[in-house]
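Just below is one structure, and these are the notes that go with it.
Along the sequence shown, the residues carry numbers beginning at 1.
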Amino acid sequence: MKNNIGLQTAYWNGTTPKLNIYEIIDLTKKANMDTIELKAGDFVPLTREERAKLTGYIKDAGLTITVNGTGLRPERDVSSSDKESHEAGVKHLCHMLDLCAEMGVKLFSGIPYGLWNTRPDGDDIAEIKKVRTANAIAGLKEVAKHAEEVGVTICLEIVNRFEQYIVNTVDEGIAICEAIDNDYCKLLVDTFHMNIEEDYIPDAIRKAQEAGYLGYIHIGESNRRVPTGEKKSNIDWEAIAETIEDIGFDGPFVMEPFVLDKSSSAKSVSLWRTIKEADDIDGLVTDAAAGVKYLKSL
């Protein structure tokens, strides 16, 4: 594959000793990545001057940037029927887009249509989903207009049924994008989530691209390891690569592995065992670099 390959900063969360963002940038470059994917906590708390310094350091490292993580909360949720929460969600997403534009980021992703790791708040699932989806579409129409104004594409991440219930498949994602009807609203598809929800991952990727809504792709094995080609896999990486070439998709592939059981996100992603030792920094770099080499070879 000729696509840019990237790595999310959350990969390093939970290391011993704890790494700072500049060390993470250095290690990401050492692993031969083209792109680094920042989480909100990496830059939102910073001042404008601190963000400029961070952006400059990343640029000097030869890395491009994507951002993942919307930061929605119950008090700011575009899918909510509560007017105050809904409007706060819209305002917050527009603020995130402003920060992305400030840093020169072109792709901002996450779950902007609702809250991560949530369940329907009642028994009439179909009605709840209908209402929540309608609320999200109404709010995201406003957000997409702002995305167009600042030149940042917002990508709706499709996640599995255990993490969200509004959008679990490419078909559902396409339907929301069609309702929003703005070229600056696209989809982020993820091989880990597709492995659970889609019948065949290459077909799902093709469908998103042919509909005009494929923004970019998250990659990870079915157990959220880095794909290195060293072991048999439940995911057909060669078929995915063939599909990418066939459809002419040139967007980035960003690894989103979760392998450290001491990380702040381990509980949220249901990681209950040690996949990688927290002090094995060299091993983390080696795995990530092997992933780049493998994906580029396909």
| query | Can you hop from I24 to Y57 via hydrophobic side chains spaced under 4.5 Å? | reply | yes

| query | Shared ILVMFWY cluster between V189 and I196, side chains joined below 4.5 angstrom? | reply | no

| query | Which side chain to side chain donor-acceptor pair (under 3.5 Å) pairs, counting each pair once, include a residue from residues 124-134, with sequence neighbours left out? | reply | D77-R132, S79-R132, D121-R132, K129-E172

| task | Give a yes or no on whether the backbone of V67 and the side-chain of S109 come within a donor-acceptor separation of less than 3.5 Å. | result | yes

| request: Decide whether a cation-pi geometry holds between R224 and F258; the criteria are a distance under 6.0 Å from NZ or CZ to the six-membered ring centre and an angle within 45° of the ring axis. | output: no

| Tell me, which pairs form a ring pair (Phe, Tyr, Trp, His ring centres under 6.0 Å) where one or both residues lie in residues 193-216, sequence neighbours left out? | Y216-H218

| message | Quick check: is V90 connected to Y184 through a chain of hydrophobic side chains (ILVMFWY, heavy atoms under 4.5 Å apart)? | response | no

| query | What pair of heavy atoms forms the shortest contact from A241 to L298, and how long is it? | reply | CB-CB, 3.6 Å

| note | For A290 and T228 the tightest heavy-atom approach is CB-CG2, 3.9 Å

| field | G251 backbone acceptor or donor facing N3 side chain under 3.5 Å | value | yes

| task | Using the side-chain contact (heavy atoms from CB on, under 4.5 Å) rule, take Y165 and I128 through it: C-alpha gap first, then chi angles, then the decisive distance, then the call. | result | CA-CA 10 Å; Y165 61 92; I128 292 168; 3.8 Å; yes

| Between the side chain of E23 and the main-chain N/O of N20, is any donor-acceptor distance below 3.5 Å? | yes

| field | Donor-acceptor contact below 3.5 Å, side chain H92 vs main chain T70 | value | yes

| query | Any side-chain heavy-atom pair from L72 and I111 closer than 4.5 angstrom? | reply | no

| message | Run E256 and E157 through side-chain contact (heavy atoms from CB on, under 4.5 Å) and show every step you take. | response | CA-CA 12 Å; E256 190 188 29; E157 183 170 4; 3.9 Å; yes

| Does some side-chain heavy atom of M194 sit less than 4.5 Å from a side-chain heavy atom of I205? | yes

| said: Counting only heavy atoms from other residues, nucleotides and ligands, does the tally under 6.0 Å from NZ of K39 exceed 12? | reply: yes

| task | Look only at the side chain of T274 and the backbone of E277, and say whether a donor-acceptor pair between them is shorter than 3.5 Å. | result | no

| said: Test of understanding: with side chain to side chain donor-acceptor pair (under 3.5 Å), list the residues that count as partners of D42, not counting sequence neighbours. | reply: T9

| Set of residues satisfying side chain to side chain donor-acceptor pair (under 3.5 Å) with respect to K2, sequence neighbours excluded | none

| Does one hydrophobic cluster hold both I125 and Y113, with members joined at side-chain heavy-atom distances below 4.5 Å? | no

| task | Could you give me the CA-CA distance, side-chain angles and deciding distance for R225 and D287, then say whether salt bridge (charged side-chain N to carboxylate O under 4.0 Å, His left out) is met? | result | CA-CA 9 Å; R225 291 179 186 266; D287 287 352; over 6 Å; no

| query | Is it true that a side-chain atom of Q164 and a backbone atom of I166 form a donor plus acceptor pair closer than 3.5 Å? | reply | yes

| query | Between S85 and P74, is there a donor-acceptor pair closer than 3.5 Å when you use the side chain of the first and the backbone of the second? | reply | yes

| task | Please confirm whether the backbone N or O of W272 pairs with a side-chain atom of D261, one donor and one acceptor, at under 3.5 Å? | result | no

| Closest heavy-atom contact between K186 and L214? | CD-O, 4.1 Å

| message | Applying ring pair (Phe, Tyr, Trp, His ring centres under 6.0 Å), can you list everything that pairs with F162, at least two apart in sequence or on another chain? | response | none

| message | Are the side chains of C185 and L140 in contact, using a 4.5 Å heavy-atom criterion? | response | no

| request: Determine yes or no for a side-chain-to-main-chain donor-acceptor pair under 3.5 angstrom, with N68 supplying the side chain and F108 the backbone. | output: no

| said: Using the rule side chain to side chain contact (heavy atoms under 4.5 Å, CB included), only one of I158, L187, I137 pairs with I176; which is it? | reply: I137

| query | Any sub-3.5 Å donor-acceptor pair from E198's side-chain atoms to V170's backbone N or O? | reply | yes

| In terms of hydrophobic clustering (I, L, V, M, F, W, Y; side-chain heavy atoms under 4.5 Å; direct or indirect links), are V167 and F192 co-clustered? | no

| said: Please determine whether side-chain contact (heavy atoms from CB on, under 4.5 Å) holds for the pair L260 and Y11, giving the CA-CA distance in whole Å, both sets of side-chain angles, and the decisive distance to 0.1 Å. | reply: CA-CA 8 Å; L260 298 176; Y11 176 62; over 6 Å; no

| field | Sole candidate of N234, D236, I219 that passes side chain to side chain contact (heavy atoms under 4.5 Å, CB included) when paired with T191 | value | I219

| field | Heavy-atom pair with the smallest gap, counting every atom of I174 and A211 | value | CD1-CB, 3.7 Å

| field | N182: partners by side chain to side chain donor-acceptor pair (under 3.5 Å), with sequence neighbours left out | value | E148

| query | Can you check side-chain contact (heavy atoms from CB on, under 4.5 Å) on V226 and V259, steps first, answer last? | reply | CA-CA 9 Å; V226 173; V259 296; 5.8 Å; no

